[in-house]
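The chains referred to below are lettered A, B, ... by the order of the sequence lines, with proteins before strands, and numbering in each begins at 1.
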There are 2 protein chains.
Amino acid sequence: MNTVRARSQKRGSPSPQILRAVLRLREMILTGQLPAGQRVAELKVVDAIGVSRTPLRLAMETLEHEGLLARRPSGGFTVREFTLRDVQQALELRGSLEGTACRFATESRASQDLAPLWQLVGDMDEVLRASQPTVETLNRYVVLNERFHDTLIDLAGNALLGRLMNQVHGLPFASPSAFVQAQATSTESFRILLVAQEHHRTIVQAIADGDGARAEALAHEHARLALRNLDAAVRDIEAFKRLPGSVLVKMGA
Amino acid sequence: MNTVRARSQKRGSPSPQILRAVLRLREMILTGQLPAGQRVAELKVVDAIGVSRTPLRLAMETLEHEGLLARRPSGGFTVREFTLRDVQQALELRGSLEGTACRFATESRASQDLAPLWQLVGDMDEVLRASQPTVETLNRYVVLNERFHDTLIDLAGNALLGRLMNQVHGLPFASPSAFVQAQATSTESFRILLVAQEHHRTIVQAIADGDGARAEALAHEHARLALRNLDAAVRDIEAFKRLPGSVLVKMGA
DNA sequence: GAAGCCAAGATTGCATGCATTCTAGGCCAA
DNA sequence: TTGGCCTAGAATGCATGCAATCTTGGCTTC
């Protein structure tokens with residue numbers, strides 16, 4: 001249910017009450033308990049998650065920076081609403097950032113070890129070997145996929161890039177595995193998954209070859225797949241609504 | 001204590017006390033009043049800027065997201081310290097993001113109007129026409145330069161990109177005009193400035209030609225100039241120390 | 001003299017009260 | 001009925017008190 005938030009939390013984590021508030025509040029937003037576009041009533045939330053107003057306000061400040069809340073001119077916050085275009089733009093930007101990561105990784109590859117990436121590619125191959133994956137294997141794929149993308153970012157060796165990437169991943173549908181769950185059902189989507197995996201492999205190969213430009217181009221291509229997945233998901237509204245974070249997206253008429 | 005409070009701020013800006021705290025605190029950090037690497041004592045700061053602890057803590061949360069403060073594991077915050085490498089990485093990333101902006105701008109140029117960019121380029125030409133610019137003209141250049149870079153980002157039409165860019169600009173030396181002031185003094189630096197201006201022109205030209213790849217490459221090249229400026233600045237420690245934000249940078253041996 | 005331990009002071013995190021501001025809903029006038 | 005105004009209740013922003021935790025300095029012990 002909770003979209004992914006599993007990155008290496010190297011930064012000092014907030015105090016328990018704030019952390020609790022951030023986690024619960026984020027969940028309430030992504031599950032639609034707090035309707036998109038609507039004001040967040042502090043007292044209701046305080047009541048729902050059992051912390052006092054002070055840590056809650058700190059948490060809201062955090063979620064504002066993450067982009068899930070927006071400040072109201074007259075005070076307080078609203079749950080931010082996303083258009084389909086917002087999601088598309090986030091996906092495009094993710095592709096660009098990952099492309100940048102590939103380039104950086106290639107340039108500073110000198111003493112880099114690509115073995116972890118190869119390992120992850122191999123593991124994902126394993127999962128996809130079955131012609132019709134189960135929910136369990138797909139869950140495993142999600143984990144591996146996220147780890148792959150995280151590792152790629154880490155390999156770039158640019159801490160700031162990692163932070164920005166985290167911010168992007170916090171937005172609805174912008175995390176690497178956002179669509180994987182929906183891809184189990186449709187055969188066409190599953191084919192996209194196979195192509196994506198081929199991208200993974202060739203990206204690592206390009207980095208190994210020192211071909212940063214190719215790696216970057218592949219990352220862009222990889223992101224385009226996400227855009228296609230978005231298209232496919234939108235076409236099947238019912239399936240779309242089951243994806244986490246979909247409640248935040250206002251479908252254009 | 002507090003008597004009158006002007007609500008109805010412009011869209012999305014924090015309440016007055018928080019805003020005040022953010023601004024003053026940021027200033028205290030960048031001027032070195034709060035030494036880098038050291039813990040921020042809430043009570044001292046409260047005393048110095050005249051807001052109570054609650055809005056100050058909100059402000060610290062904001063500056064943490066900006067990257068100027070870091071959470072201490074045992075509570076509270078420290079002023080974040082940057083290495084030269086951090087600064088370099090931020091500059092590299094800025095180049096990549098601006099390159100991305102150029103590409104996006106080119107791709108969605110359909111009904112875009114490049115006139116503002118041309119205008120800014122012309123105005124900057126004007127400023128640089130003098131063989132030896134004064135402090136005043138340089139100040140004007142700073143304004144124009146920042147506006148140019150902002151406009152470029154806007155032209156990309158990707159709101160998320162704008163947000164990330166803002167975050168980058170908040171880091172020491174990562175804003176577009178960080179080195180301009182130091183470039184008035186040295187003749188060599190001034191030449192770099194002329195090259196930078198040539199970049200501006202060719203970037204706009206490339207966008208106008210629909211040549212996104214060229215525009216992107218030029219933006220990367222443009223950022224490399226900033227890296228050279230950083231090198232030059234570091235060589236002249238005294239001048240370096242006069243640049244805003246330098247107190248945050250720990251010079252490696 | 002150095003290392004470890006302890007206590008008093010300092011500091012943070014949290015909860016809550018209060019004043020100000022916003023807002024929903026009713027009432028009056030056109 | 002519709003539109004605008006007004007008021008009472010609700011919500012927010014802020015200040016501050018309190019308890020728990022951390023830190024610093026000194027003391028003991030080896």
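Taking only side-chain atoms of B:Arg53, from C-beta outward, the nucleotide of D:dT16, C:dA15, D:dT12 with the closest atom is D:dT16. Checking C:dT12, D:dA15, C:dA15 against every side-chain atom of A:Ser52, the shortest atom distance belongs to C:dA15.
Summarising the geometry, the separation between CG on B:Leu58 and P on D:dA15 is reported as 11 Å, rounded to the nearest angstrom. Atom P of nucleotide D:dC22 and atom CD of B:Glu42 are separated by 15 Å, given to the nearest angstrom. Rounded to an integer number of Å, the gap from CD of A:Gln17 to C1' of C:dT16 is 14 Å. Taking atom CD of residue B:Glu61 and atom P of nucleotide C:dT12, one finds them 15 Å apart after rounding to whole Å.
Close to D:dT23, at under 4.0 Å from its OP1 or OP2, lies a side-chain N or O of B:Arg72. Distances shown here put a side-chain N or O of A:Ser15 below 4.0 Å from the OP1 or OP2 atom of C:dC14. Look at A:Ser74 and you won't find any side-chain N or O under 4.0 angstrom from OP1 or OP2 of C:dT21.
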Set out, in order, the CA-CA distance, both residues' side-chain angles and the distance that settles side-chain contact (heavy atoms from CB on, under 4.5 Å) for A:Arg140 and A:Met124, then state yes or no.
CA-CA 8 Å; A:Arg140 175 157 168 72; A:Met124 283 189 278; over 6 Å; no
Evaluate the criterion side-chain contact (heavy atoms from CB on, under 4.5 Å) for residue pair A:Val168 and B:Leu164; output intermediate values, then yes/no.
CA-CA 9 Å; A:Val168 174; B:Leu164 297 190; 3.9 Å; yes
Could you list the donor-acceptor pairs under 3.5 angstrom formed between side-chain atoms of residues 38-52 of chain B and any protein atom two or more places apart in sequence or on another chain?
{"from": "B:Glu42", "atom 1": "OE1", "to": "B:Arg53", "atom 2": "NE", "distance (Å)": "2.8"}
{"from": "B:Glu42", "atom 1": "OE1", "to": "B:Arg53", "atom 2": "NH2", "distance (Å)": "3.1"}
{"from": "B:Glu42", "atom 1": "OE2", "to": "B:Arg57", "atom 2": "NE", "distance (Å)": "3.0"}

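Side chain to side chain, A:Thr151 and A:Asp154 fail the donor-acceptor criterion of an N or O pair below 3.5 Å. Counted by atom type alone, A:Ser15 and A:Gln17 present zero donor-acceptor pairs between their side chains at under 3.5 Å.
Of the residues B:Gln167, B:Arg26, B:His169, the one that meets the side-chain hydrogen bond (donor to acceptor under 3.5 Å, both in side chains) test with B:Glu66 is B:Arg26.
Classification of the A:His149-A:His200 ring pair by plane angle, with boundaries at 30° and 60°, yields perpendicular.
Contacts with DNA chain D (heavy atom under 4.0 Å) in residues 25-33 of chain B: none are found.
Contacts of A:Val40 with the nucleic acid, taken as non-hydrogen atoms under 4.0 Å apart, involve only primed sugar atoms and P, OP1 or OP2.
Mapping B:Leu43 and B:Thr54 onto DNA chain C by nearest heavy atom places B:Leu43 at the nucleotide closer to the 5' end.
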